[in-house]
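Here the structure comes first, spelled out in structure tokens, and everything after it is commentary.
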Amino acid sequence: MLDAVLILLAALLFAGLTVLWLARRRRRKLGMPAGALVYQDALRRNDETLYSARLHLAGRPDHIVRQGRDYIPVEVKTGRTPDYPYPNQVMQLVAYCALVEERYGARPPHGILLFEETGAQFVVEFTRERERQLHAILAEMRACFFAADVPRSHNNARQCAACGYRDICTERLA
Ligand code: SF4
């Protein structure tokens, strides 16, 4: 009986160490910024969703790294590395910065966009101007959410083909 318990404990310890090792190896491979990892949306750690009642906004950055008194959200992207981050990627980081500020009570100076394949990193500054843009976009989204009808804002059939609302959308192109 004691042997079985010891074997079980050893197996659990081994599994735990393997998960830790995999997490560290991935972090090294990704070229994660220095600092203590305080939040991770992966590898079973599965930290809680960040939520702002003030902004009516929820989100889960891939990682949050603490650097001194700063908490830096890090979003990891797969696929092609662009020359510059797309506007939607920039706004995603700005939204995470706003959520991080509310959660930890400290305004992050920036977020980091990290591309897995090439290891390229972009620093997205969390400026007051970008924060204003975020508020404007959220207000527009809320207005659309409660509107009876919202016109299509693009002519991209591929976007419709991959859209989760195409079954009920009267404006779909595919
Ligand atoms: S299916 Fe409708 S909601 Fe989806 S992307 Fe196309 S137009 Fe927009």
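We count ligands from 1, going down the list as the structure has it; atoms in each ligand are counted the same way. Values below: every heavy atom of this structure, side chains too, minus hydrogens, waters and symmetry copies.
Applying the ring-ring contact (aromatic ring centres under 6.0 Å, His included) test between Y71 and each of Y104, Y96, F126 identifies Y104 as the sole match.
The side-chain hydrogen bond (donor to acceptor under 3.5 Å, both in side chains) test applied to Y86 returns R80, not counting sequence neighbours.
Under the 4.5 Å side-chain contact rule for hydrophobic residues, L55 and Y51 do not share a cluster. Linking Ile, Leu, Val, Met, Phe, Trp and Tyr residues whenever their side-chain heavy atoms come within less than 4.5 Å leaves V150 and L138 in two separate clusters.
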Quiz prompt | Working for side chain to side chain contact (heavy atoms under 4.5 Å, CB included), residues H154 and C160 | solution = CA-CA 9 Å; H154 62 86; C160 292; 3.6 Å; yes
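Looking at Y39 and P73, their side chains never come closer than 4.5 Å, going by heavy atoms from C-beta outward.
Near ligand 1, residues R152, H154, C160, C163, R166, C169, E171, R172 come within 4.0 angstrom through at least one heavy atom.
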